[in-house]
Amino acid sequence: GTLMLLQVLLVQNCYLRRHVKRNSNTSSPNGFSVGDTSVVGRSLLHTYASPLASSSSSSSSSSSSLGRFLSHKNKVGLTIAAYSRTGEDATYHNCATPTKRSQRRRVVEGINEKSIDGGSGKKAVIKFSNELKRWIRMGKVETAEEELLHRLRQYDLNASKLMPDRVHFGIVVNGWAKSGSIERAEALVEKMELLSIEEGKCWLNPNAVVYNTLISAYARKGNVDKALSILDKMEHMYFVEDNISVKPDLLTCNFVMDAIVKSYHRGSNRGPVAAQQAEALIERMERCYGVTPDVISYNLAINAWVKSNEPDAARHAERLLRAMIDRAEGGDIESKPDLFTYNSILNAWAKSKEAGSARRAHELLDAMERVYKYAGTESAIKPNFQSYSTVINAYAKSSDPNSGEKASELLGRMTGMYNAGQKDLKPDLITYTGVMQAIIKDTNDFSHLDAAHRATKMLNYIESVYDQTGDEQFRPDRSVYNLVLEAWSKSSAKKADAMKRSIQDRMIQRNICSYRNPLRRSVRVLKHRKRMR
């Protein structure tokens, strides 16, 4: 009985091998596909399951030899066609050797190609995509769209097996969006919707990727109304029409927030509204879409508050920072604050008119330094040049006591770290200008005469560095000279007038105008030349 069972299994094994080989070359005349072969293989194994069980119970020796035989046959490919297909994808479950694995994968890929493009082949689909991209790179988006619609008409007339899909349409939509013709991009998306609804071409129904392209284009223009309208449209299609392919994702929300941030214009009253919209969208992401905001999402919302010019904008921004830290400590690594986050908070405090804002920025900078110094991990945030310059700028705008001394301390700290080898922390003209502003405004620590002397000393250093090295970052400009002139104007020293004339002469020698009006500069030059005679 055992020998007869083995003979039957060998016959079935040969049949399955011939069937898969025939499918790999041509389509089966019996109508079997690879998925059907899998069904045949499973049914045969099920048919012989009970005889195997009965034979194993009757004879232990025969069952052990039969088990070894089946184990050996399984290694060389007894279960030949264990494929499963889900939609347009095919996944290989079991295989014998690498050679046969590649052959069977090619069989499955061939079926996928036919299901995607009507039998033209995967290479033809990729070739057409590259052709569209080539037209777009040449700036001929109009030609790419005409070729796309022409290929679609050919497919409708059965003149071509290539079936343009939403990927090809998405390439052209992206081309129009990047070229600045957002109206043409939106018109092509509307055409996709009409073809999908009216002509039944469901494979052209736009998905979230296509709509994200439109939102991104409107975000670059700062058109928040259009971006929000597309988001509302996607929500309606997802929740009402149950279209899961247009579910808003992380990119969708970040693009919309980018549009919200860029919609703010200086002098407009949209700043607070934009900040509130951005923060509300973060809550909407999790509540409605089940999407977890990442560090980019929070950075955009923080940036919206920084640009809002609200009196309490810095506190709102810092509240979002604490939320990011809490999420990161809870295991959400994607929400961990980065250097851009901390620099944005520093900038918010620097722009704030709230009392003690410069001190709050300095405290945050010190906290960043402590974490970086003692954490001992690469994930710690190291303050950069922008971090220190922002806090110095905060002291330059602040009326807090000791602001000049604090700014000078930060300048000394930057210089020390630069001399120690941190070349990215090299102070420049803007850094020194900020310190000079803080010193001149700080009348608690420095008298007007002392402030004038310190400002002049810094100016001498800036001129010497530029004359010796030619470093453009130390090229003195009108603002730094005007600060020194302002410092001497506030002092009651007898030599104030002489120092002011000396500084003005140095400006003329360097061809720098101390006035915005060129006529006043020319008068000053004539007086200087007359004095020199």
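The residues of the chain are indexed from 1 along the displayed sequence.
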Can you check whether [Y]'s main-chain N or O pairs, donor with acceptor, with [X]'s side chain at less than 3.5 Å?
X: Ser408; Y: Gly404; value: yes
X: Ser129; Y: Val125; value: yes
X: Trp135; Y: Glu142; value: no
X: Ser352; Y: Trp349; value: no
X: Thr415; Y: Leu411; value: yes
X: Thr341; Y: Asp338; value: yes
X: Lys351; Y: Val306; value: yes

Contact between Arg370 and Asp366 at the side-chain level, heavy atoms closer than 4.5 Å - yes or no? yes
Are Leu429 and Tyr466 close enough, and set up right, to give a side chain to side chain contact (heavy atoms under 4.5 Å, CB included), and what steps lead you there? CA-CA 10 Å; Leu429 180 65; Tyr466 177 72; over 6 Å; no
Once side chain to side chain donor-acceptor pair (under 3.5 Å) is applied, what residue pairs with a partner in residues 233-245 remain, sequence neighbours excluded? Glu193-Lys233, Glu235-Arg284, Glu235-Tyr289, Asn243-Ser245
Partner set under ring pair (Phe, Tyr, Trp, His ring centres under 6.0 Å) for Tyr342, not counting sequence neighbours: none
Can you name the residues that form a ring pair (Phe, Tyr, Trp, His ring centres under 6.0 Å) with Tyr461, not counting sequence neighbours? Tyr432
CA sep, side-chain torsions, deciding dist, call: Phe385, Lys426, side chain to side chain contact (heavy atoms under 4.5 Å, CB included): CA-CA 8 Å; Phe385 173 83; Lys426 177 183 178 181; over 6 Å; no
As a quick check of understanding, evaluate side chain to side chain contact (heavy atoms under 4.5 Å, CB included) for Met368 and Leu339, giving each step before the final call. CA-CA 10 Å; Met368 294 171 64; Leu339 182 60; 4.1 Å; yes
Tell me, please, whether Tyr418 has Lys423 positioned over its six-membered ring: NZ or CZ under 6.0 Å from the ring centre and within 45 degrees of its axis? yes
Any salt bridge between [X] and [Y], counting N to O under 4.0 Å?
X: Arg360; Y: Asp400; answer: no
X: Arg475; Y: Glu472; answer: yes
X: Glu186; Y: Lys226; answer: yes
X: Glu147; Y: Arg151; answer: yes

Evaluate the side chain to side chain contact (heavy atoms under 4.5 Å, CB included) criterion for residues Lys178 and Arg220: first the C-alpha distance (whole Å), next the side-chain angles of each, then the deciding distance (0.1 Å), finally the verdict. CA-CA 10 Å; Lys178 288 187 175 180; Arg220 288 193 292 268; 4.2 Å; yes
Side chains of [X] and [Y]: do they bring a donor and an acceptor to under 3.5 Å?
X: Asn393; Y: Thr390; value: no
X: Ser464; Y: Asp467; value: no
X: Ser479; Y: Asn482; value: no

Hits for side-chain contact (heavy atoms from CB on, under 4.5 Å) against Leu149, two or more places apart or cross-chain, chain-then-number order -> Glu145, Arg153, Phe169, Lys191
Residues passing the side-chain contact (heavy atoms from CB on, under 4.5 Å) test with Ser297, sequence neighbours excluded, are Leu250, Asn254, Met257, Met285, Pro293, Asp294
Taking side-chain contact (heavy atoms from CB on, under 4.5 Å) as the criterion, tell me which of Pro383, Ser389, Ser387 meets it with Asn343. Ser387
Testing Ile182, Leu188, Val141 for side-chain contact (heavy atoms from CB on, under 4.5 Å) with Val173, which one passes? Leu188
For residues 271-282, pull every pair meeting salt bridge (charged side-chain N to carboxylate O under 4.0 Å, His left out), keeping only residues two or more places apart or in separate chains. Glu279-Arg319
Would Asn347 and Ser344 satisfy side-chain hydrogen bond (donor to acceptor under 3.5 Å, both in side chains), going step by step from the backbone distance to the final call? CA-CA 5 Å; Asn347 190 27; Ser344 297; over 6 Å; no
Kindly compute the distance separating CG (Asn212) from CG (Asn174), expressed to the nearest 0.5 Å. 11.0 Å
So how far is it from Thr431 OG1 to Phe474 CZ, rounded to the nearest 0.5 Å? 7.5 Å
